[in-house]
Chemist: 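Dumping the structure here so I can ask a few things about it.
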Amino acid sequence: MKRIKLNILLNSDFSEKKVLIKGWVRTKRNSKTFSFLEINDGSTLKNIQVIADDKLENYSDIKKITISSGISIIGKIVKSLGKGQKFEIIASNIEIISLALETYPLQKKRHSDEFLRTIAHLRPRTNKYGAVFRIRSELYFAIHKFYRDRGFKYLSSPIITSSDCEGAGEMFKITTFDPYFTAQKNGLDIKNDFFGQETNLTVSGQLCAEMFAMALGDVYTFGPTFRAENSNTTRHVAEFWMLEPEMAFCDLNQNMDHGEELIKYLTNYVTEHCNEDLALFTKFVDKNLSKTIEIIINSTYERITYSEAIEIINKSGKKFKHIIQWGKDLQSEHEKFLADDYFKKPVFITNYPREIKPFYMRLNSDNKTVAAMDLLVPRIGEIIGGSQREERLNVLEKQMSKNKLSREKYWWYLDSRRFGSVPHSGFGMGFERFLMLITGINNIRDVIPFPRTPGSIDF
RNA sequence: UCCCCAGUAGCUCAGUUGGCAGAGCAAUUGGCUGUUAACCAAUGGGUCCGCGGUUCAAGUCCGUGCUGGGGAGCCA
């Protein structure tokens with residue numbers, strides 16, 4: 001007999017049919033001569049109720065079954081006599097595959113997110129985290145579908161790299177040297193290390209993506225990204241996933257069009273394909289989530305320049321902890337004010353001062369600003385950071401020497417400006433931040449399977 | 001890295017002016033013919049985060065360290 005998964009079973013009509021299901025016991029309620037077992041197999045948020053009565057030969061064992069035990073059930077689908085579910089299974093055979101210990105830490109009650117983080121290996125077994133990670137999985141597919149439908153090519157940019165994408169943050173060093181041994185023994189030369197030069201985990205695939213955009217036109221990279229910043233916030237982790245499209249013959253406005261289309265597409269995809277799981281978040285996690293999602297899908301995202309943003313902030317009359325003036329970067333409180341209070345929807349901020357942005361962003365004709373764009377969204381803040389890239393060799397070289405970057409090291413990057421350089425643009429979207437946006441979850445550690453943060457590397 | 005807050009049973013938390021360590025849930029055992037975080041009864045369960053100090057006496061006061069949370073910076 002072929003096993004059927006609950007997502008199929010619960011979404012079709014199997015009444016009066018005999019089925020085989022396998023899963024884990026979420027909860028059990030005993031009466032004298034029969035028991036209710038609720039089974040979940042991970043394919044869907046929903047459980048199925050199974051009735052086991054004392055006619056089963058191993059009923060005495062079933063009565064003692066513990067939460068999270070793995071079991072296999074053959075039974076008939078019938079209309080439920082009780083309230084709360086349409087169908088249930090009358091079991092004709094139950095096999096206890098594995099009896100869980102009674103010390104299983106997850107109980108039939110709500111646990112705090114902090115506690116669940118300490119048992120990150122078990123938390124996907126809860127309703128909430130199961131839902132998060134099913135949505136996460138669907139989103140991977142949605143991203144590839146979005147890009148494939150638009151003729152983009154997927155590029156896996158390297159994770160080990162010798163280039164630091166200027167301004168992206170501290171990097172994790174990679175070495176085969178034993179660092180303790182190295183510290184003791186002088187005279188060890190980096191030339192003898194695996195790559196023969198300083199090597200790091202990538203902080204961005206952008207520079208590689210630019211090379212491929214000059215060959216394949218429209219490309220995207222999507223993979224793990226590493227930042228060794230000592231950040232302790234609800235929005236930062238040391239290992240996260242970043243989506244980075246890079247488009248040839250594309251200016252800043254088209255770049256923003258693309259970003260807006262992407263966010264809307266992904267959000268819409270989740271509402272269409274993850275309905276049940278999403279409902280958990282609108283019901284229990286964030287009461288305003290439906291409204292937020294509606295705004296993300298249906299509003300036209302505001303587009304203002306950095307200079308206009310400064311003006312809005314300073315004219316607002318609102319008191320801020322940090323004083324903002326032209327040339328300084330926007331602080332979190334300013335970003336929150338713009339997205340949450342002032343516009344109450346996603347807003348692109350463009351044309352930042354060149355001094356506070358990396359070397360590769362295209363210098364505007366005012367000579368003071370660069371063609372940068374950040375997308376700020378309510379509650380989360382920055383979710384996209386991107387720019388039109390500097391395609392003019394001489395301007396790029398000047399910017400590099402200003403930032404004290406060696407032309408020799410970036411020879412390959414500069415080559416792209418020597419051989420058929422064209423305007424191009426791209427951005428990075430924080431995958432986990434997007435998940436936070438559409439689930440209403442407030443801590444980035446709760447939308448990634450095993451979060452890596454300073455001092456925390458368990459699991 | 002800086003600022004603020006917290007750490008008591010497996011979980012969530014109470015603990016008064018410094019004076020015998022508590023509750024609900026969970027677990028275990030038993031009961032119950034339709035339950036829905038089932039219900040009813042009984043039982044077991046503690047390094048009060050660690051270290052040091054003040055005191056006749058510290059979960060409670062002081063110092064310090066660790067861990068967790070929130071905020072800031074950095075960014076996606």
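Excluded from the calculations below are hydrogen atoms, water molecules and symmetry mates; all remaining heavy atoms, backbone and side chain alike, are included. Computed from a prediction, not measured in an experiment: that's the story for all the values here. Below, read A as the first sequence line, B as the second, and so on, with proteins coming before strands; counting in each chain starts at 1.
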Chemist: Spell out yes or no: do the side chain of A/Asp53 and the base of B/U33 have one donor N/O and one acceptor N/O closer than 3.5 Å?
Modeler: no

Chemist: Does the side chain of A/Arg29 get closer than 4.0 angstrom to OP1 or OP2 of B/C40 through an N or O atom?
Modeler: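 For B/C40, OP1/OP2 do not have a side-chain N/O of A/Arg29 under 4.0 Å.
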
Chemist: Want to settle it: does A/Val237 or A/Phe34 sit nearer the 5' end of RNA chain B, counting the closest nucleotide to each?
Modeler: A/Phe34

Chemist: Taking A/Arg123 as the fixed residue, which of A/Thr118, A/Asp113, A/Asp446 is the one that meets the side-chain hydrogen bond (donor to acceptor under 3.5 Å, both in side chains) rule?
Modeler: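 Exactly one option meets the side-chain hydrogen bond (donor to acceptor under 3.5 Å, both in side chains) with A/Arg123, and it is A/Asp446.
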
Chemist: Using a distance-only criterion (donor-acceptor N/O pair, under 3.5 Å, no hydrogens), is the base of B/G10 paired with the side chain of A/Gln107?
Modeler: yes

Chemist: Students often get this wrong, so: under 4.0 angstrom with heavy atoms, is A/Thr233 touching a base, only sugar-phosphate, or nothing?
Modeler: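 The residue A/Thr233 makes base contact.
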
Chemist: Counting only side-chain nitrogens and oxygens, does A/Arg445 get under 4.0 Å of the OP1 or OP2 atom of B/G70?
Modeler: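 Result: yes.
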
Chemist: When all nucleic acid strands are considered with a 4.0 Å heavy-atom cut-off, which category describes A/Lys83: base, sugar-phosphate, or nothing?
Modeler: base

Chemist: Report the residue (A/Gln85 or A/Gln331) whose heavy-atom-nearest nucleotide on RNA chain B is the more 5′ of the two.
Modeler: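 It is A/Gln85 whose nearest nucleotide is closer to the 5' end.
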
Chemist: Distance check: side-chain N/O of A/Thr234 vs OP1/OP2 of B/G71, anything under 4.0 Å?
Modeler: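 For B/G71, OP1 or OP2 has a side-chain N or O of A/Thr234 closer than 4.0 Å.
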
Chemist: Between B/G34 and A/Glu88, counting only base atoms on the nucleotide and side-chain atoms on the residue, is there a donor-acceptor pair under 3.5 Å?
Modeler: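 Checked by distance alone, the answer is yes.
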
Chemist: Is a donor-acceptor pair below 3.5 Å formed from side chain A/Ser231 to base B/C75, judging by atom type as modelled?
Modeler: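 Result: no qualifying N/O pair found.
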
Chemist: Counting distance alone, no hydrogens or angles: does the base of B/U28 have a donor or acceptor under 3.5 Å from a partner atom on the side chain of A/Glu102?
Modeler: no

Chemist: Considering just the side-chain nitrogens and oxygens of A/Asn232, establish if one lies under 4.0 Å of OP1 or OP2 belonging to B/C3.
Modeler: no

Chemist: Between the side chains of A/Thr225 and A/Glu239, is a donor N or O closer than 3.5 angstrom to an acceptor N or O?
Modeler: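 No, A/Glu239 and A/Thr225 have no side-chain donor paired with an acceptor closer than 3.5 Å.
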
Chemist: Taking a pair as Watson-Crick or G-U wobble with both distances under 3.5 Å, which nucleotide is matched to B/U17?
Modeler: none

Chemist: What is the base-pairing partner of B/C51, counting Watson-Crick and G-U wobble geometry with both distances under 3.5 Å?
Modeler: B/G63

Chemist: Determine whether any donor atom in the side chain of A/His236 lies under 3.5 Å from an acceptor atom in the base of B/C75, or the reverse, and answer yes or no.
Modeler: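 Check passes, donor-acceptor contact within cut-off.
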
Chemist: State whether a side-chain donor-acceptor pair under 3.5 Å links A/Arg379 with A/Asn288.
Modeler: no

Chemist: So which nucleotide does B/C2 pair with, by the Watson-Crick or G-U wobble rule with both distances under 3.5 Å?
Modeler: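 B/C2 is paired with B/G71.
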
